[in-house]
Amino acid sequence: MVRGGHRTGTTTAGGRHPSRMELGVIGLGRMGQIVANRSLEAGHDVIAFDLSAEATAEAAEAGAEPADSVADLCDRLGAEKRIWLMVPAGDAVDATLADVEPHLDGDDVVVDGGNSHFEESVRRAEETDAAYLDCGTSGGPASAEAGFSLMVGGPKWAYEAMVPVFDAVATGPEGHDRMGESGAGHYVKMVHNGVEYALMQAYGEGFELLTDGRYDLEMESVARTWNNGAVIRSWLLELCEEAFREEGSDLGDVADHVAGGSTGTWTVREALEQEVPVPIIYQALAERFDSRNEGRFSRRLANRLRYGFGRHEVARRDDA
């Protein structure tokens, strides 16, 4: 058994992965609860902890074994620990790793499922005794039933050790893959989010033209028709249809304010660093910044779409 990131210890003699694993989940917000629940539904054992006693209790009601602390969670796991962190990117990841680190060695695996910057993931992989997997997670709370898309970076043996859980949390075997070395998973997710910005902007501008154009159109009908066989059909377009159905063709009191994290900015910054032109992604990012001012229908639709796929709060206009 080799330590330090070069072993394949969780496969059987025949090369097959065990059908049942023991997983520790730290961080039980919307996404963390989904990781725990989907793992439980697939037959895995889950030990769960969150700083919120209510969140831990919710996981326990779903069948997880509750832990009182990070140390307690680690003590309850077996000799080869498999831990999934679903905590906010930034200081919270480092703080959690500091709590976990004394309990880990080179045979253990830690998955960071948040939206960490890829350079921070590279640093953490170098500083952590356990194998560290950076896991870009796409789909949001709306994918609780279907499963996520998982983009993973880190040691191959560690990725392979986690495949049974990745199969459970993702849409299935086709819903996850190892992108490459440490940092690659969060790098791919960063660019994914930049593309997401651009797609939302394109849909918003198209529907804005339809709204202000020559004909009196029902936007829900347009979105539904496009999404049945048209070249531009997609899940985001399904969410457009949902938005118009629930808010009306004029989007009611949905405000022209598009929030968001840092991933779009990171994407544009990396494009500048690599001298790769990304004008559409940049423009979509600029539109988000400009949405802090009085603005446009396209951004109001983007505001509502963020609720559709991520259940983010919808900013509303006071004057509607």
Side-chain angles (χ1 to χ4, degrees), residues 29-31 34 115 137-146 148-149 189-268 278-320:
R30 291 175 298 182
M31 300 288 279
I34 294 172
N115 266 336
T137 307
S138 180
S143 292
E145 294 185 10
F148 297 132
S149 170
K189 178 56 164 58
M190 175 188 73
V191 177
H192 160 284
N193 283 21
V195 172
E196 174 190 297
Y197 279 34
L199 290 173
M200 291 170 66
Q201 181 68 21
Y203 282 127
E205 291 181 7
F207 279 106
E208 183 169 22
L209 176 57
L210 292 174
T211 299
D212 294 339
R214 295 172 181 269
Y215 298 95
D216 183 14
L217 301 168
E218 289 292 331
M219 296 301 118
E220 179 188 353
S221 174
V222 174
R224 182 181 63 254
T225 304
W226 278 356
N227 218 39
N228 282 275
V231 172
I232 60 172
R233 63 189 182 274
S234 72
W235 183 45
L236 279 176
L237 191 55
E238 291 178 18
L239 297 178
C240 288
E241 180 184 348
E242 174 190 285
F244 292 127
R245 181 171 62 252
E246 296 183 1
E247 307 288 350
S249 283
D250 64 353
L251 292 180
D253 64 353
V254 174
D256 174 16
H257 180 95
V258 186
S262 302
T263 48
T265 302
W266 296 345
T267 303
V268 171
V278 290
I280 297 174
I281 294 175
Y282 169 77
Q283 183 61 35
L285 178 64
E287 285 287 331
R288 289 203 177 193
F289 292 157
D290 190 47
S291 75
R292 277 56 170 182
N293 305 314
E294 287 298 320
R296 300 175 54 185
F297 185 91
S298 59
R299 292 196 298 254
R300 293 171 60 208
L301 179 55
N303 175 7
R304 186 52 173 73
L305 287 178
R306 293 186 74 252
Y307 170 79
F309 63 74
R311 294 300 182 259
H312 302 290
E313 184 178 355
V314 178
R316 302 285 179 175
R317 299 185 300 179
D318 294 333
D319 60 348

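Since the model is a prediction, treat every value here as computed from it, not as a measurement. Both backbone and side-chain heavy atoms feed into the values below; hydrogens, waters and symmetry mates do not.
The shortest non-hydrogen separation linking R233 to Y203 is C-OH, 4.3 Å. In this structure, I280 and A198 approach most closely via the heavy-atom pair CG2-CB, 3.6 Å. Taking every heavy atom of both residues into account, R306 and A259 meet most closely at NE-O, 3.4 Å. The two residues G140 and F148 make their nearest non-hydrogen contact at O-CE2, 3.3 Å.
Expressed to the nearest 0.5 Å, how far NE2 of H257 lies from CG of D290 amounts to 12.0 Å. In this structure, CG in L199 is found 8.0 Å from CD in E196, a value given to the nearest 0.5 Å. A distance of 10.0 Å separates CG in L217 from CG in L209, rounded to the nearest 0.5 Å. Rounded to the nearest 0.5 Å, atoms CG (L210) and CG (D216) are 12.0 Å apart. A distance of 11.5 Å separates NE2 of H312 from OH of Y307, quoted to the nearest 0.5 Å.
Within the 4.5 Å cutoff, the side chain of L285 has heavy atoms near those of the T265 side chain. Looking at T211 and D250, their side chains never come closer than 4.5 Å, going by heavy atoms from C-beta outward. F297 places a side-chain heavy atom less than 4.5 Å from the side chain of L251. Within the 4.5 Å cutoff, side-chain heavy atoms of Y197 are placed close to those of R288.
With sequence neighbours excluded, the residues satisfying side chain to side chain contact (heavy atoms under 4.5 Å, CB included) with T267 are M190, I281. Legend: residues meeting side chain to side chain contact (heavy atoms under 4.5 Å, CB included) with E287, ordered by chain and number and at least two apart, are Q201, Q283, R296, R299. With sequence neighbours left out, the side chain to side chain donor-acceptor pair (under 3.5 Å) criterion links S138 to H192. Under the rule for a side chain to side chain donor-acceptor pair (under 3.5 Å), the partners of S249 that lie at least two apart in sequence or sit in another chain are E218. Under the side chain to side chain contact (heavy atoms under 4.5 Å, CB included) criterion, N115 pairs with K189, N193, T263, not counting sequence neighbours.
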Please list every donor-acceptor pair under 3.5 Å in which a side-chain atom of residues 236-247 meets a protein atom from a residue at least two apart or in another chain.
unit_1, atom_1, unit_2, atom_2, d
E246, OE1, R304, NH2, 2.4
E247, OE1, R316, NH1, 2.9
E247, OE2, R304, NE, 2.9
E247, OE2, R316, NH1, 3.4
E247, OE2, R316, NH2, 3.0

For residues 222-230, please give each side-chain donor-acceptor pair under 3.5 Å, one per line with the distance, not counting sequence neighbours.
unit_1, atom_1, unit_2, atom_2, d
T225, OG1, S221, O, 2.8
N227, OD1, S234, N, 2.9
N228, ND2, R224, O, 2.7

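Judged purely by atom type and a 3.5 angstrom limit, R300 uses its side chain to pair as donor or acceptor with the backbone of G252.
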